[in-house]
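Please read these numbers as outputs of a predicted model, since none were measured by experiment. Residue indices begin at 1 and follow the sequence shown.
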Amino acid sequence: LWEADDSDDEARSSKRGIFRLFRRKKAQNDDSSSSPSSPEWRRKFQETDTLAAPLSSITNRCDKGKNTCLLSTDDSVRAKVLGRRQATMDAVCVMFLLVGIKQIPDIAAIPFSSSWTAAEIASQTVPALGHVLADVLLSWTPFALVAAYMTKQTNNVWVKPEVTSLAHRVAKTVEDEAKYGQLYLRLVSGLPVQQRLARSIHAAAKAQVTSLVATSRLRSF
């Protein structure tokens with residue numbers, strides 16, 4: 001009897017030992033699958049790995065580091081439109097100036113000589129100049145000059161503030177995205193935050209907007 005009981009206990013312990021081995025192996029497999037170094041975990045991380053909106057925006061601006069542009073596609077289109085609008089205002093201003101100059105009478109008909117005395121200039125040149133000025137005032141020249149001046153002021157009052165607003169908005173957006181990126185790197189890799197970097201990017205973005213507007217303005221002619 002004692003020998004039979006001992007054999008039964010050994011069988012049970014051996015069976016439990018075998019099943020315990022399987023259970024331990026299964027637990028190890030579960031732990032390895034949830035480990036960050038496992039291929040399954042890496043695959044799941046890559047499938048769900050998406051950048052935050054500020055990081056995605058700033059990487060799209062520079063085409064993932066392929067260029068140094070800080071403007072988005074919409075910002076570039078808007079800057080080019082403003083540059084062409086300024087070029088249109090310049091062309092209209094020049095057209096009004098040419099029309100005004102064309103309406104001026106022939107100034108070469110005014111008598112004048114460097115050898116004349118003051119009395120001769122007062123008796124001959126001044127009356128002829130007065131007649132020319134009277135003809136100018138009766139022509140379209142004053143209206144053309146006023147129109148050219150108003151066109152120039154319209155450019156300064158209407159278009160230039162839009163350029164300034166666009167440059168400020170883009171620079172502020174890029175600066176905020178750069179600060180977010182620095183905080184992200186601080187959390188991920190422990191890199192220190194550089195305060196000058198955000199300010200430098202702010203100034204660079206503003207300069208890029210102004211440069212793109214000026215380039216589009218010149219290329220429109």
Side-chain angles (χ1 to χ4, degrees), residues 49-104 107 136 139-189 191-221:
D49 185 21
T50 56
L51 292 176
L55 297 177
S56 178
S57 176
I58 198 169
T59 53
N60 291 333
R61 289 176 185 274
C62 62
D63 195 13
K64 298 181 179 180
K66 295 180 181 179
N67 54 54
T68 58
C69 182
L70 296 173
L71 307 183
S72 64
T73 303
D74 295 337
D75 297 335
S76 300
V77 171
R78 181 61 179 169
K80 291 178 181 179
V81 169
L82 292 176
R84 288 192 290 267
R85 191 174 297 173
Q86 283 188 336
T88 302
M89 292 293 180
D90 294 338
V92 173
C93 181
V94 171
M95 182 189 67
F96 281 127
L97 286 176
L98 293 177
V99 170
I101 294 173
K102 186 69 175 178
Q103 295 297 321
I104 297 177
I107 302 178
V136 168
S139 64
W140 288 98
T141 299
F143 300 100
L145 296 179
V146 170
Y149 175 77
M150 293 300 294
T151 304
K152 184 66 176 178
Q153 291 302 315
T154 301
N155 188 17
N156 295 333
V157 174
W158 178 33
V159 183
K160 282 188 176 181
E162 291 190 17
V163 176
T164 304
S165 177
L166 176 64
H168 179 73
R169 179 178 60 81
V170 172
K172 181 62 177 175
T173 302
V174 174
E175 181 182 6
D176 293 340
E177 292 173 355
K179 289 181 178 179
Y180 186 93
Q182 284 191 313
L183 291 177
Y184 177 80
L185 292 176
R186 175 70 176 176
L187 294 174
V188 173
S189 59
L191 293 177
V193 176
Q194 299 179 3
Q195 298 295 336
R196 294 183 179 180
L197 179 61
R199 292 194 295 267
S200 300
I201 290 179
H202 182 280
K206 186 177 291 186
Q208 285 186 6
V209 172
T210 306
S211 176
L212 184 58
V213 171
T215 302
S216 178
R217 182 179 184 179
L218 291 175
R219 290 181 177 178
S220 298
F221 289 100

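Checked by atom type and distance alone, the side chain of Ser216 never pairs as donor or acceptor with a backbone atom of Leu212 at under 3.5 Å. Judged by distance alone, the side chain of Thr215 and the main-chain N or O of Ser211 form a donor-acceptor pair under 3.5 Å. Counting only distance, with no hydrogens or angles, the side chain of Thr173 and the backbone of Arg169 share a donor-acceptor pair below 3.5 Å.
In this structure, NE2 on His168 lies 6.5 Å from NZ on Lys206, to the nearest 0.5 angstrom. Expressed to the nearest 0.5 Å, how far SG of Cys93 lies from CE of Met95 amounts to 9.5 Å. From Gln86, atom CD reaches atom CD of Glu162 across 9.5 Å, with rounding to the nearest 0.5 Å. Separation of atoms NZ (Lys179) and CZ (Arg199) is listed at 8.5 Å; rounding is to 0.5 Å. Between the CZ atom of Arg78 and the OG atom of Ser72 there is a distance of 12.5 Å, given to the nearest 0.5 Å. With rounding to the nearest 0.5 angstrom, the OG atom of Ser200 is 10.0 Å from the CD atom of Glu175.
Summarising the geometry of Ile201 relative to Ala178, their closest heavy-atom pair is CD1-CB, 3.7 Å, with the distance given to 0.1 Å. Closest of all the heavy-atom pairs between Ala171 and Ala205 is CA-CB, 3.8 Å. Here the closest non-hydrogen pair linking Pro161 and Asn156 is CD-O, 3.2 Å. In terms of heavy-atom proximity, Ser139 sits nearest to Gln103 at OG-O, 3.8 Å.
Within the 4.5 Å cutoff, the side chain of Asp75 has no heavy atoms near those of the Val209 side chain. Contact of the Val170 side chain with the Leu70 side chain is not registered, since no non-hydrogen atoms from C-beta on lie closer than 4.5 Å.
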Atom pairs and distances, side-chain donor-acceptor, residues 143-154, under 3.5 Å, sequence neighbours left out:
from: Thr151; atom 1: OG1; to: Ala147; atom 2: O; distance (Å): 2.7
from: Thr154; atom 1: OG1; to: Met150; atom 2: O; distance (Å): 2.7

